[in-house]
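Note that ligands are numbered from 1 as they come in the structure, with each ligand's atoms numbered from 1 the same way.
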Amino acid sequence: MTTNTSSPCRDQQFASDNYAGICPEALAAMNEANSGSAVAYGDDEWTHRAADAFRALFGADGEVFFVFNGTAANSLALASLCQSYHSVICASSAHVETDECGAPEFFSNGSKLLVAPADDGKLTPQAIRTLATSRSDIHFPKPRVVTITQPTETGQVYTVEEIKAISAVCHELGLKLHMDGARFAHACAALDCAPADISWKAGIDVLCFGGTKNGMAVGEAIIYFDRALAADFDYRCKQAGQLASKMRFLSAPWIGLIESGAWLRNAAHGNACAERLAQQVADLPGLSLKFEVQANSVFLEAPAEVLDALRARGWRFYTFIGGSARFMFAWDTREECVDTLANDLRDIVLNETAALA
Ligand SMILES: *Cc1c(COP(=O)(O)O)cnc(C)c1O
């Protein structure tokens, strides 16, 4: 992998929050689980404890499942809510639409995603109503589920009121509400709210809670707040190749994250680092923030020569969302490395490329 050349941060990149390693709390829990025999396929004490930890965290008696990644979590959860002739309403930038290679359609045997244009990645009650009521004839896939990403792919956080307004429309129109919470912890940290406030209490039926971007090696949890919706979900996981035989190593890290509070600390740290970068670079000439910084991402609009110069200094970043450079901060971000990136940007803008302007 290319490393950036600016000492002392040769080993740190902000291209994605899944560039980070495993946080100490998750690793310690895996280590602890790594002794002796345990029952396979999830009927072990670690997996039961992890599910209980989630029920305590949410103050809800839901059904909890552990799978390997977010694509599987989202796709299988959506498939469980749909028949093949149903449709799923999502924002145009939703991960399920842009980054899952058709897995939601594949695992649901053809449920169609209905995409609402959304500049900031957020769905609105109006957009949902428009799509859900656009057609009611038999030739059109019947709307059945709404999925929202919290925070969105552009780092925008739905407020409690926004989620409640969405769930009100869903209930009125007979739609289930799914949340892609790949960075759910970051939303809790940003809003300083309890997990329940932006999930079941706000009308979410099924939540995919991301572990990978919260400091785990691998793994996402799927939480059904309405247990009836989880019927036979275990078969779905198995058929999709998502039932880990040594399940304790997918579940134990959650115990470490939740019981230590690291799930929230890690997310708050990522959010604070995004804010730290934004404050240092947003006012540089020619640069601007494409989206408000609300969670752990910064989207920078900058001239191509500035981005080229940044790459030449070894920094990696993606520009697949609207052409702006995305920087994402994980549990392991060192503040001095955020500052190094900011200093490189400042130097490039004020000294290196200023002559080109
Ligand atoms: C990272 C991410 C996922 C999960 O992606 P996988 O690579 O399948 O684990 C899901 N939704 C969003 C919004 C993400 O950013």
Are Asp120 and Lys122 within salt-bridge range, i.e. N to O under 4.0 Å?
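Not counted as a salt bridge, because no side-chain N and carboxylate O are separated by less than 4.0 Å.
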Tell me every residue that passes disulfide bond (SG atoms under 2.5 Å apart) with Cys237, counting only those two or more places apart in sequence or in another chain.
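Scan of Cys237 (disulfide bond (SG atoms under 2.5 Å apart), adjacent residues dropped) gives none.
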Can you check side-chain hydrogen bond (donor to acceptor under 3.5 Å, both in side chains) on Asp43 and His48, steps first, answer last?
CA-CA 7 Å; Asp43 201 12; His48 290 299; 2.9 Å; yes
Remaining members of hydrophobic cluster (4.5 Å side-chain criterion), Tyr224:
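Direct or chained contacts put Tyr224 with Phe65, Val67, Leu76, Leu78, Leu81, Val88, Val96, Phe106, Phe107, Leu113, Val145, Val206, Ile222, Leu229, Phe233.
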At a heavy-atom distance under 4.0 Å, which protein residues reach ligand 1? Sort them by chain and number, would you?
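Ligand 1 pocket, heavy atoms under 4.0 Å: Asn69, Gly70, Thr71, Asn74, His95, Thr149, Glu153, Asp180, Ala182, Arg183, Lys213.
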Run the salt bridge (charged side-chain N to carboxylate O under 4.0 Å, His left out) check on Asp44 and Arg248 step by step: do they pass?
CA-CA 7 Å; Asp44 62 278; Arg248 61 175 143 157; over 6 Å; no
Tell me every residue that passes salt bridge (charged side-chain N to carboxylate O under 4.0 Å, His left out) with Glu336, counting only those two or more places apart in sequence or in another chain.
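Applying salt bridge (charged side-chain N to carboxylate O under 4.0 Å, His left out) to Glu336 gives Arg334.
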